[in-house]
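Each ligand, and each atom within it, is numbered from 1 in the order the structure gives.
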Amino acid sequence: MTILRDEIRPNPKATTKRLHVVTWGCQMNVYDSARMGDVLAPHGYVPTAAPGDADLVILNTCHIRDRATEKMFSELGRLRLLKLAREAAGQTMILAVAGCVAQAEGAQILARAPYVDLVFGPQTYHRLPALLERAASGSRVLDTEFPAEEKFDFLPDEAAPQTPGGVIAFLTIQEGCDKFCSFCVVPYTRGAESSRSAAAVLAEARRLIASGARELVLLGQNVNAWHGLGLDGRDWRLDRLLRELAELPGLLRLRYTTSHPRDMNDDLIACHGEIPALMPFLHLPVQSGSDRILAAMNRRHNIALFDRLVEKLRIARPDIALSSDFIVGHPGETDADFAATLALVARTGFAMAYSFKYSPRPGTPAAQRADHVPPDIADARLQELQALLRRQQDAFNADCAGRSLDVLFTGPGRHPGQVAGRSPYLQPVHITGPVSLIGTQARVKISRAFPNSLSAGNWTDLSQPPNQERACA
Ligand code: SF4
């Protein structure tokens, strides 16, 4: 199917329509939802927080979480009632399902939910105006192709992309994955790895900064596998892109997520010691502490490699803090394997981490295995791991009390007179201060640490570059 750029040009005759997007899942889905808004804005769509007022409701789904399909159908059932109410009042609502569940189960969604008008995958949202036109004319539409054209090339240039909070902005630089971990659906729902060019990334970064962003979070399913056409016509790796981005006027902070240990090369590690704007906090999923399970997961890295990476990162940037992902109870996991995971956590020390009990995803190799871990054993292991990770996170936060940290202020706090921001380690920080701090970075003295946030009394303007303090833990 050929898509013309005309399809996303502003339509001067467009009347105002209301758009409500429900977003589940990772930051990449948050980014995609915002880009859908950008694509539809020239066609007269404005956001609404009330789904009952919406001419178009998009459910942007995630396939990673447990029982994703059931949750989606349950939400669709609620939206159906709103759609019926609008129809009874002589109005319409187009109900669309997007994202990874749409990609994986598109035909089944249309079959099981006859009130859904449109199903489209993560690679085709740039086609939304044309798809909506077909849906509005009464067709039920399914588009889950992996089109040859790059969707990013079809996003409107003129619109400053909408970003959550504005001060911290997501920027997708890479999509898809070629790793095929045994438990993961991403290679099937997002397709093969593909990277945007450096010029496209830099252009979007400039637009985001011009619209108020001071911190950019580069996104990709496998972000450190990014390699794209550089400004000099050569193939660049992520380290080169980071160095270029760090030079952009107005940008205070940079992060990138999510990385694979296998793609963490020495040039990228060196960036952590040499680019002050690159925050000293890295999310590096390891999944298990057992080489036997890592092999069963098809992770393509082992524990020796992970330990070496941690050591190199801490040499390059002594104040770096780490977070990670863990899956407990992968098929075949024994008590000894799990003990190796606990040992890895204990010797590494994480500032925070995400941990989940393995749950099978249809179509993945791990789901076909016969040696599933009994649920009660997997539950007990998860609790033990989470208790250890919780203690590490508490210790990390507690150690921040009394220290001075650079905080980027992102918006008002929960209470009158408060402003809220993020520390270099992504902890929410609340202080009593003027709203004029929003969008700036200041050094604050942390007075109290809570399980998931920090608070501070004093602050000083930062005219110097971000400091390089040691990590809390
Ligand atoms: S590297 Fe990440 S995205 Fe790719 S298959 Fe493995 S878990 Fe999924």
How far is [atom] from its nearest protein heavy atom, and which residue and atom name does that atom have?
atom	answer
atom 5 (S) of ligand 1	Cys181 N, 3.3 Å
atom 2 (Fe) of ligand 1	Arg299 NH1, 4.4 Å
atom 8 (Fe) of ligand 1	Cys184 SG, 2.3 Å

Check each atom of ligand 1 against the heavy atoms of [X] and keep those under 4.0 Å away; list them by number with element.
X	value
Pro187	5 (S)
Lys179	1 (S), 4 (Fe)
Phe180	5 (S)
His260	1 (S)

State whether the side chain of [X] and the backbone N or O of [Y] hold a donor-acceptor pair below 3.5 Å, judged by distance alone.
X	Y	answer
Arg214	Arg253	no
His20	Thr48	yes
Ser324	Val286	yes
Thr61	Ala98	yes
Asn397	Ala449	no

| Can you check whether His283 and Tyr354 have ring centres sitting under 6.0 Å from each other? | yes
| query | Just wondering, are more than 12 heavy atoms of other shown residues or ligands nearer than 6.0 Å to CZ in Arg262? | reply | no
| said: With a heavy-atom distance limit of 4.0 Å, tell me whether Pro285 approaches ligand 1 through its side chain, its backbone, both, or neither. | reply: neither
| Would you say Cys177 has an N, O or S atom lying under 2.8 Å from atom 6 (Fe) of ligand 1? | no
